[in-house]
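Report on the structure given below.
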Amino acid sequence: MTKTEVLLLAVTLFACGPKNEGLDTSRIPSDLRSDYDVFAQRCSKCHSLSRPLQANITDDQQWIDYVNRMRRQPGSGISYDDQTHILRFLKWYAADLRAKNGSPPPAASAASLPTNAVAEEKDAGDQ
Amino acid sequence: MKRVILFFAVLFAALLAVVDPARAIERNFAGSAQLDYHFVPTNHEAKSFPKAFDGFTMELAGKLAVDFSERVSANLKVCYGCHGFEADMMYFDFRVADELNFRVGRFSPDFGAFNLRHDPANHRLSDKPLPYDMGRMLRLRQWNMSVLPSPFPDNGLEINGTKWLGSSLQMDYAVYAVSGFKADAQPKDIDFKLSRSPQSYYVDNNGRPTVGGRLAFTLKLGDASDATLGGSAMGGTYDPENHESYYILGTDLTIRLDKTTFRTEYLTRRTTFDITDRNSFKYVIGSTRGDFFEKHGAYAEVEQSLTPDLDVLGRIDGMYRVGNVEAQSELGRRASVFRYTVGMAYALERGLRMKLSTELWEWSFRDADSGRKLDVSMHAALAGSF
């Protein structure tokens, strides 16, 4: 590969971007921005934010399982309180995805999440 | 061996028994890929593998996580890279509580801080820190790899858990028993190729497990800051006769201060070797303490996010080996390498990063072919994840 080809490739790649790894916060309702901040901070410790944002999960229960699994990862730094904030943002994010995809809203039991689920999870963990 | 198989069969049946059939099974599929071009302008000999990987390397991985119930989940991860297809993960988790989880199957035992980030999509530089290098380092055959190549998937059982002590301090622990590294009879060092070879169906070569554990504490310093301090250890035998042993100790510290992350780890491995054929060594075998070598490795890196799209990194890492070597080895009784890296990662699109880095290598000995004690190498990579 010649220097010119490498330069052309680099210019092309830079021309593709930049694109934020996370979300444009102006899109997020103002009352959820602090929840997003917790999500962005905690969920970028071991992997990029694109992992959860590209997971295309639209089911609230699946997000609860997902975040629970991440919270239990060693050194995650995700407390139960953080989990509540993260799931509040992800519930909005899942609803936004569903609206874009034209998917039906979740069942009533799942729609009442996440805070109840976090409390139940904590109770189970304390036993 | 039959007892081990029976034990795992009973455990697997017990796991299935606790699955709630009324609950929907949740699946999550994730994957990553990295294409890296490694250029070594100072060493033309490096172009002839196996001295170094010079040119394109590709790493692909697909991971499936399945939650059968609130207590039982399974993880399957298959990688394709320099070794061909590898089973990186294939395990079940049975969670009694956050503080007590049983993991059985094939997994990377919990050692050090880098283990969680070993996937190319989860670290910002193209290659791994030298103590965990798995083949991208220059002169890799002379050094017989790193202290502990990462990932190091192995078969066994791990008990782990996490516990919040108050609202600011998280404690994590893990203890495990796995097959351990391998080598043939009368070895001079661990045979990493044999250790990962599936030709023997990943069966242990000596029937004696390697055991280890990790303890780590994470302290929340603020809304956007935390610090993790950990210690890890593992040890076992690696030859068929259980004559030769290895012990690995490690400590790690990670500090996140808003958009700045500082990471450092230190590892050391003490490996005994067979001295039956004393003429096969470069140096005279001493009457005492002549049958082992020590390999130390460490890294310190700073990662600074300049914008949401751009991270810059600086890293210093190195290894130091002390002990006898085989007669044909280019290493001396004491050998060291230091590497100085600057790099960046730029988000071209969500889930797609371009990684660029330059490395200066400083060796304690001259290369037999090039005569160099300094090398320069460069990486350019695209890494994607979903």
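A note on names: the letters A, B, ... follow the listed sequences, proteins ahead of strands, and every chain is numbered from 1. The figures here come from the full heavy-atom set of this structure, side chains too, leaving out hydrogens, waters and symmetry mates.
Using a 4.5 Å cut-off between heavy atoms, A:Asn56 makes no contact with chain B at all. Heavy-atom distances place both the backbone and the side chain of B:Asn122 under 4.5 Å from chain A. With a 4.5 Å cut-off on non-hydrogen atoms, B:Asp119 touches chain A through its side chain but not through its backbone. Contacts of B:Asp110 with chain A are made by side-chain atoms alone, with heavy-atom separations under 4.5 Å and no backbone atom involved. Interface remark: B:Arg214 contributes no atoms to any contact with chain A (heavy atom separation under 4.5 Å). Within the 4.5 angstrom heavy-atom criterion, no atom of A:Leu49 approaches chain B. Heavy atoms closer than 4.5 Å to chain A are found in both the backbone and the side chain of B:Ala224. Neither the backbone nor the side chain of B:Leu169 comes within less than 4.5 Å of any heavy atom of chain A. Only the backbone of B:Ser225 comes within contact range of chain A, with heavy atoms under 4.5 Å apart.
With respect to the salt-bridge test (charged N to carboxylate O, under 4.0 angstrom), the residues B:Asp93 and A:Arg69 do not qualify.
A side-chain donor from one of A:Ser44 and B:Arg256 sits under 3.5 Å from a side-chain acceptor of the other.
The shortest side-chain heavy-atom distance between A:Pro74 and B:Asn160 does not fall under the 4.5 Å cut-off. Residues B:Asp223 and A:Asp37 fail the side-chain proximity criterion, which asks for heavy atoms closer than 4.5 Å. Using a 4.5 Å heavy-atom threshold, the side chains of A:Asp81 and B:Trp164 count as separate.
No other option in A:His47, A:Gln73, A:Gln62 has as many heavy-atom pairs under 4.5 Å with chain B as A:Gln62. Between chain B and the residues A:Gln54, A:Gln41, A:Arg42, the largest count of heavy-atom pairs under 4.5 Å involves A:Gln41. For the set B:Thr228, B:Thr254, B:Asp226, the entry with the most heavy-atom pairs within less than 4.5 Å of chain A is B:Asp226. Interface summary for chain A: among B:Leu352, B:Thr218, B:Thr261, the most heavy-atom pairs under 4.5 angstrom belong to B:Thr218. Heavy-atom pairs under 4.5 Å with chain B were tallied for A:Ser50, A:Ala40, A:Pro52, A:Ser79; the largest tally goes to A:Ser79.
Rounded to the nearest 0.5 Å, atoms CG (A:Asn68) and CZ (B:Arg95) are 6.5 Å apart.
Side chain of A:Arg72 to main chain of B:Thr162: no donor-acceptor pair is present (N/O by atom type, distance under 3.5 Å, no hydrogens or angles). One N or O on the side chain of A:Arg51 and one on the backbone of B:Phe386 form a donor-acceptor pair closer than 3.5 Å.
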